[in-house]
Asker: 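Before I ask anything, let me first share the structure, which is written out below as structure tokens.
In each ligand, atom 1 is the first atom listed, and ligand 1 is the first ligand listed.
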Amino acid sequence: MTEKYDELIQIFEKKFHHYPTDKFFSPGRINLIGEHTDYNGGHVFPASITIGTYGVASCRSDRQIKIYSLNFPDDGVISFDVDDESQLPNASWGNFVKGVLQALRGYGNQLTCGFELVVLGNIPNGSGLSSSSSLELLIGSVAQKLYSLKIPRLQLVACGQRAENDFIGVHTGIMDQFAIGFGEKNRAVYLDTKTMMYEMVPINLGSYVVVIMNTNKRRELTESKYNERVRETQEAVYQLQPFMNIQYLGEIEKNDFDKYAHILSSDTLRKRVRHIVYENERTKKGVTALKNDNLVAFGQLMNESHSSLKNDYEVSGIELDTLVETAQSVDGVLGSRMTGAGFGGCAIALVHSDAVKRLEKKVSEKYETSIGYAPSFYVAKVGDGAHWAGSVVEGEPK
Ligand code: GLA
């Protein structure tokens with residue numbers, strides 16, 4: 001971790017000819033269970049992880065923002081005025097920065113100066129571990145510190161979501177930003193996205209670990225497919241509202257789904273709603289299972305979640321299915337499912353620590369034969385949420 005900041009400070013000095021004042025970190029996230037329920041007023045159960053985005057920054061005396069990412073060195077230093085609300089071309093990563101600043105202004109915050117920022121993320125891009133929300137909350141933390149903003153954490157989280165929805169144009173729910181904003185070491189966030197009530201649940205997996213399996217598939221069309229699911233579920237709400245007193249699909253109980261499913265105009269909508277209703281139920285059960293240290297029951301719910309995402313919500317794909325279904329067949333694996341938006345990205349498996357190597361071997365062999373390239377594996381560690389990581393002290397880097 002210190003080496004990361006040393007590298008960032010050196011690059012900052014090279015680019016801007018002085019030292020930064022402050023260090024920041026913002027994690028990525030996995031979602032243990034509760035997928036695509038967040039924009040449906042349902043429950044989610046994500047956790048922030050120890051990989052994420054590192055940044056060093058300092059205020060400027062003018063109103064220029066100058067940002068550089070070691071992940072996108074070809075973009076060079078991106079510059080814009082702190083008040084400039086126009087989009088940067090070519091889907092630049094700088095738009096996430098602009099989107100968060102715009103959202104902060106929208107809440108009435110005074111952005112009193114420009115700043116310089118160098119970032120480095122170790123979340124694989126497009127892996128579904130939320131590198132974009134990680135960056136958004138990093139920017140939120142930078143702004144909070146440099147502008148001395150006394151704002152509630154929930155507002156920072158909401159600014160990340162606003163950036164995504166209003167500036168980038170993906171109609172995501174709030175799960176990722178919430179997990180990253182509120183994350184804590186060794187705890188997962190159980191969030192009711194309708195009421196925004198949440199509970200931090202200790203993650204005691206004993207001799208089991210969560211392994212992240214990356215499809216390494218290049219993400220294509222994810223955003224349009226994601227927005228399509230958002231529209232489908234909204235349409236289902238409109239169709240059901242004359243018969244049910246609901247605002248969100250996440251309010252529907254299983255019995256009521258059976259009673260009213262016939263009202264929906266197509267089998268596709270019925271499948272979408274069934275996923276939300278059952279996934280929401282599984283999430284509540286999953287939290288109880290983990291609280292009772294019943295990992296076997298949790299693993300079973302993970303498996304059911306994946307097949308619902310594959311068959312009813314149709315957001316999986318050959319790559320994710322190959323990872324998950326092969327993992328499920330490995331001795332020592334209690335459960336496996338895709339995590340995040342889907343269509344590529346990552347899956348997770350709950351696996352005995354003695355079986356990790358076996359899992360990697362069997363899944364790699366099968367994946368390479370069927371898909372033609374290799375997956376990657378990481379053991380997930382649940383770490384702290386986005387935060388200021390201290391001042392840069394004289395003499396750094398050592
Ligand atoms: C993405 C979105 C989240 C959530 C998940 C699916 O990660 O950013 O809001 O909808 O997909 O659960």
Asker: Looking at Tyr5, I'd like to know if the NZ or CZ of Lys23 sits under 6.0 Å from its six-membered ring centre while staying within 45 degrees of the ring's axis.
Answerer: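 Cation-pi check for Lys23 and Tyr5: passes.
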Asker: Does the pair Lys185/Asp384 count as a salt bridge with the N-to-O cut at 4.0 Å?
Answerer: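 Asp384 and Lys185: not salt-bridged.
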Asker: Quick check on Lys381: does its NZ atom have over 12 non-hydrogen neighbours (other residues, nucleotides or ligands) under 6.0 Å away?
Answerer: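 Not more than 12 within 6.0 Å, no.
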Asker: Measure and list all N/O to N/O distances between ligand 1 and the protein that fall under 3.5 angstrom.
Answerer:
unit_1   : atom_1 : unit_2 : atom_2 : d
ligand 1 : 7 (O)  : Arg29  : NH2    : 3.0
ligand 1 : 7 (O)  : Asp176 : OD1    : 3.4
ligand 1 : 7 (O)  : Asp176 : OD2    : 2.8
ligand 1 : 8 (O)  : Asp176 : OD2    : 2.7
ligand 1 : 9 (O)  : Asp38  : OD2    : 2.5
ligand 1 : 9 (O)  : Gly173 : N      : 3.1
ligand 1 : 9 (O)  : Gly173 : O      : 3.4
ligand 1 : 9 (O)  : Tyr226 : OH     : 3.4
ligand 1 : 10 (O) : Asp38  : OD1    : 2.7
ligand 1 : 10 (O) : Tyr226 : OH     : 2.5
ligand 1 : 11 (O) : Ala341 : N      : 3.4
ligand 1 : 12 (O) : Glu35  : OE2    : 2.7
ligand 1 : 12 (O) : His36  : N      : 2.6

Asker: Write out all pairs satisfying ring pair (Phe, Tyr, Trp, His ring centres under 6.0 Å) with one or both partners inside residues 169-209, taking only residues at least two apart or from two chains.
Answerer: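 Listed once each, the pairs are His43-Tyr190, Phe178-Phe182, Phe178-Tyr198, Phe182-Tyr198, Tyr208-His352.
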Asker: Taking the six-membered ring of Phe167 as reference, does the cationic atom of Lys98 (NZ for Lys, CZ for Arg) lie under 6.0 Å from its centre and within 45° of its axis?
Answerer: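 Here Lys98 fails the 6.0 Å and 45° test against Phe167.
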Asker: Measure from NZ or CZ of Lys225 to the centre of the six-membered ring of Phe343 and say whether it is under 6.0 Å with the direction within 45° of the ring axis.
Answerer: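 Relative to the ring axis of Phe343, which defines the angle, Lys225 lies outside at least one limit.
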